[in-house]
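In what follows, a single structure is set out as structure tokens and then discussed.
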Amino acid sequence: MKKDRQKDKSAKHKKHLLCPYCGAQALLREGSFIFEDVYVKHLYVCARYPVCDSYVAAHDNSKKPMGSLANSTLRKKRILAHFEFDRLWKGDTPIFNRKQAYKWLSDKLGGHIHRLHIGNMGEGMCDLTIREARRVMWVHKQNKLVEGGA
């Protein structure tokens, strides 16, 4: 019964996912459709690819998209936003634990902590995440320098 519901959900995503850039349907493809070195098994890819360079990875089991379709500019910003945000809780000198980091991000972006996902962010939210995470890291490093020099 559970597998039937998962199939229904994945079929729903396949039928209704549209490209936010050109409006074409997004098609579920193998990762090799885009990548030579396949590190993503499945992707939703705009039917107009490569003219419209929009895609998003899908979860292996459910085939549910891991966010919204993004062009190359937005994908790069999401990668950078993840990098800067992850430094706050996974880096060499973590400032927060994971739960605290997501709470901090939720407070900064004014979003609900359970719905917050960089894979759904637009360029503006990515820019804000990058800027604020860098600011927190900078302040943290300055405080460490002051503490160490005192």
Query raised in the report: Rounded to the nearest 0.5 Å, what separation is found between the CD atom of Glu84 and the CD1 atom of Ile79?
Result: 13.0 Å

Query - Separation of Leu28 CG from Lys63 NZ (nearest 0.5 Å) - result: 7.0 Å

Report task. Please round to the nearest 0.5 Å and tell me the distance separating atom SG of Cys19 and atom CG of Asp53. Result -> 9.5 Å

**Report entry** Distance (rounded to the nearest 0.5 Å) between Lys41 NZ and Ser32 OG
**Finding:** 12.5 Å

Query raised in the report: Quick one: OH on Tyr44 to CD on Gln25, what's the gap to the nearest 0.5 Å?
Result: 10.0 Å

Report task. Give a yes or no answer on whether the side chain of His42 reaches the backbone of Pro65 with a donor-acceptor pair at less than 3.5 Å. Result -> no

Query - Any side-chain heavy-atom pair of Val45 and Leu27 under 4.5 Å - result: no

Query raised in the report: Any link between Leu116 and Ile95 through a network of hydrophobic side chains (Ile, Leu, Val, Met, Phe, Trp, Tyr) touching at under 4.5 Å?
Result: yes

Expected list for residues 122-133: side-chain donor-acceptor pairs under 3.5 angstrom, two or more places apart:
residue, atom, partner, partner atom, Å
Asp127, OD1, Lys77, NZ, 2.9
Asp127, OD2, Lys77, NZ, 3.0
Thr129, OG1, Met125, O, 2.9
Glu132, OE1, Arg135, NE, 3.1
Glu132, OE1, Arg135, NH2, 3.1

Query - Carboxylate-amine/guanidinium proximity below 4.0 Å for Arg87 and Asp92 - result: no

Query raised in the report: When you measure from the side chain of Arg75 to the backbone N and O of Ala70, does any donor-acceptor pair fall under 3.5 Å?
Result: yes

Query raised in the report: Linking I/L/V/M/F/W/Y whenever their side-chain heavy atoms sit closer than 4.5 Å, directly or via other members, would Leu80 and Tyr55 fall into one cluster?
Result: no

Query raised in the report: Do Met121 and Phe83 share a hydrophobic cluster (ILVMFWY, side-chain heavy atoms under 4.5 Å, transitive)?
Result: no

Requested in this report: Anything under 30° is parallel, anything over 60° is perpendicular, the rest tilted; go ahead and classify Phe85 against Tyr102.
Outcome: perpendicular

Report task. Enter the distance from Lys76:NZ to Asn71:CG here, rounded to the nearest 0.5 Å. Result -> 9.5 Å

**Report entry** Hydrophobic cluster membership, Leu105 vs Leu74, 4.5 Å side-chain cutoff
**Finding:** no

